[in-house]
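The block underneath contains the structure these notes are about, expressed in structure tokens.
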There are 2 protein chains.
Amino acid sequence: MDAAESLCADRRLRLTPVRRRVLELLLAAPKAQGAYDVLSGLNRDAPPRQPPAAYRALDFLVAHGLAHRIERLNAYVACASPGSTHRPAFLICRACDRVAETPDLTPDRLKREADAQGFRIEATVVEAVGLCPACAP
Amino acid sequence: MDAAESLCADRRLRLTPVRRRVLELLLAAPKAQGAYDVLSGLNRDAPPRQPPAAYRALDFLVAHGLAHRIERLNAYVACASPGSTHRPAFLICRACDRVAETPDLTPDRLKREADAQGFRIEATVVEAVGLCPACAP
DNA sequence: ATCGAAATGTTACACTATAACAGAACCGTC
DNA sequence: GACGGTTCTGTTATAGTGTAACATTTCGAT
């Protein structure tokens with residue numbers, strides 16, 4: 001949270017109450033949160049909000065590297081190391097739904113393959129589904 | 001298509017009319033097809049079908065490696081090399097929406113990282129978004 | 001011929017996401 | 001401190017994606 005604040009200060013980004021609250025919710029959650037999970041978290045506070053409020057805040061957080069979207073789950077997690085630009089990978093446990101973030105692991109071979117095809121990579125999605133240590137039998 | 005037939009014959013899988021038709025639609029499509037694209041493709045033929053028909057056929061094709069789901073797009077593509085078990089990666093052009101499949105590129109570093117954490121990988125999603133050669137300016 | 005399993009039909013609904021426009025808050029400048 | 005533009009938020013409505021649940025049919029093997 002502190003990291004997020006200083007990052008926003010540095011970049012002249014506005015960490016508004018809604019955005020801050022959404023980030024807090026993501027940080028507090030043990031697992032990835034859907035947009036509507038976040039929304040109901042917001043609405044546990046004060047005046048009722050609508051879906052766009054949640055999506056806008058989440059878009060902001062993702063755009064600036066404070067959160068990540070897990071495509072496989074249609075859900076979001078707080079970034080584990082905000083500030084550093086990275087292309088993280090995620091380990092998703094199918095039993096407990098917890099998501100672990102690992103540092104940039106975009107495969108060199110993928111880069112090479114893309115180069116060979118003349119494809120210019122702008123973003124990557126690397127997600128693994130399986131069983132985390134706690135859930136492996 | 002021939003490959004799909006012999007694969008199903010080998011494994012005693014039933015490539016029913018719906019499933020076959022969905023696979024044909026995916027093979028014929030220049031880009032990834034959403035489930036509802038597939039559904040309307042089905043309904044261009046004969047009796048009207050409902051969403052579950054499309055989803056069931058797609059699930060079957062994906063389960064047996066005849067098609068892949070592109071998480072980033074909520075869409076599906078026919079497999080480029082059915083029969084071989086693989087963990088493909090995809091290059092998604094954000095301009096023309098075409099999807100290129102590349103052979104297994106699951107990063108070794110991801111495997112090692114997962115091992116180090118005791119995480120057992122069962123499936124991977126590796127997708128890159130960017131510009132394909134035709135769309136790069 | 002019958003039985004069980006697999007596939008499909010059907011209805012209804014849940015979840016995910018965005019368009020479009022109106023209003024409010026912020027921020028710099030004069 | 002009033003303006004004017006930009007950014008953010010509120011609000012309504014709707015589009016897009018996916019599944020639960022149960023009935024019916026089809027298939028394949030005994």
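Keep in mind that what you see is a predicted model, and the values were worked out from it rather than measured.
Per the geometry, CG belonging to Leu15(A) stands 13 Å off C1' belonging to dC8(D), to the nearest Å. Here dC27(D) presents its P atom at 16 Å from CG of Leu13(B), a figure rounded to the nearest Å. Between Arg20(A) atom CZ and dC8(D) atom C1' the separation is 16 Å, expressed in whole Å. Straight-line distance from the CG atom of Asp59(B) to the C1' atom of dT17(D): 13 Å, rounded to whole Å. Atom CG in Leu42(A) sits roughly 14 Å away from atom P in dT11(D) (whole-Å rounding). Rounded to whole Å, the distance from CD1 on Ile70(B) to C1' on dG16(D) is 18 Å. Rounded to an integer number of Å, the gap from CG of Asp37(B) to C1' of dG18(D) is 14 Å. Rounding to whole angstrom units, CG of residue Leu39(B) and C1' of dT19(D) are separated by 14 Å.
Residue Pro17(B) is the one, among Ala35(A) and Pro17(B), whose nearest nucleotide of DNA chain C lies closer to the 5' end (criterion: closest heavy atom). Remark on DNA chain D: of its neighbouring residues Arg14(B) and Tyr76(B), the 5'-side contact belongs to Tyr76(B), judged by nearest-heavy-atom nucleotide. Position along DNA chain C of the nearest nucleotide to Ala75(A) versus Thr16(B) favours Thr16(B) as the more 5'-ward residue.
The phosphate of dG10(D) (OP1 or OP2) has a side-chain N or O of Arg49(A) nearer than 4.0 angstrom. Phosphate contact (OP1/OP2 of dG16(D), side-chain N/O of Tyr36(B), threshold under 4.0 Å): absent. Regarding contacts with the backbone of dG18(D), a side-chain N or O of Asn74(B) is found under 4.0 angstrom from either OP1 or OP2.
Using a 4.0 Å heavy-atom cutoff across all strands shown, Arg69(A) reaches sugar-phosphate atoms only and no base atom. Using a 4.0 Å heavy-atom distance criterion, Arg19(A) is classed as a sugar-phosphate-only contact. Residue contacts for Pro47(B): at a heavy-atom cut-off of 4.0 Å it reaches no nucleic acid atom on any strand shown.
When the side chains of ILVMFWY residues are joined at heavy-atom separations under 4.5 Å, either directly or via intervening members, Phe60(A) and Leu23(A) end up in a single hydrophobic cluster. Follow the hydrophobic side-chain contacts under 4.5 Å out from Val22(B) and you reach Leu66(B) in the same cluster.
If you check distances only, the side chain of Arg56(A) does reach the base of dG10(D) with a donor-acceptor pair under 3.5 Å.
Using a 4.5 Å heavy-atom cutoff, the side chains of Leu73(A) and Gln33(A) are not in contact. The shortest side-chain heavy-atom distance between Ile92(A) and Ile70(A) falls under the 4.5 Å cut-off. The shortest distance between side-chain heavy atoms of Leu26(B) and Val38(B) falls below 4.5 Å.
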- [ ] Give the C-alpha distance, both sets of side-chain angles, the deciding distance and a yes or no for ring-ring contact (aromatic ring centres under 6.0 Å, His included) between Phe90(A) and His68(A).
- [x] CA-CA 10 Å; Phe90(A) 301 97; His68(A) 301 292; 5.4 Å; yes

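For the pair Glu113(A) and Lys111(A), the salt-bridge criterion is not met [side-chain N within less than 4.0 Å of a carboxylate O].
With a cutoff of under 4.0 Å to any heavy atom of chain B, the contacted region of DNA chain C is bounded 5' to 3' by dA6(C) to dT11(C).
No side-chain donor-acceptor contact under 3.5 Å links Asp97(B) to the backbone of Lys31(B).
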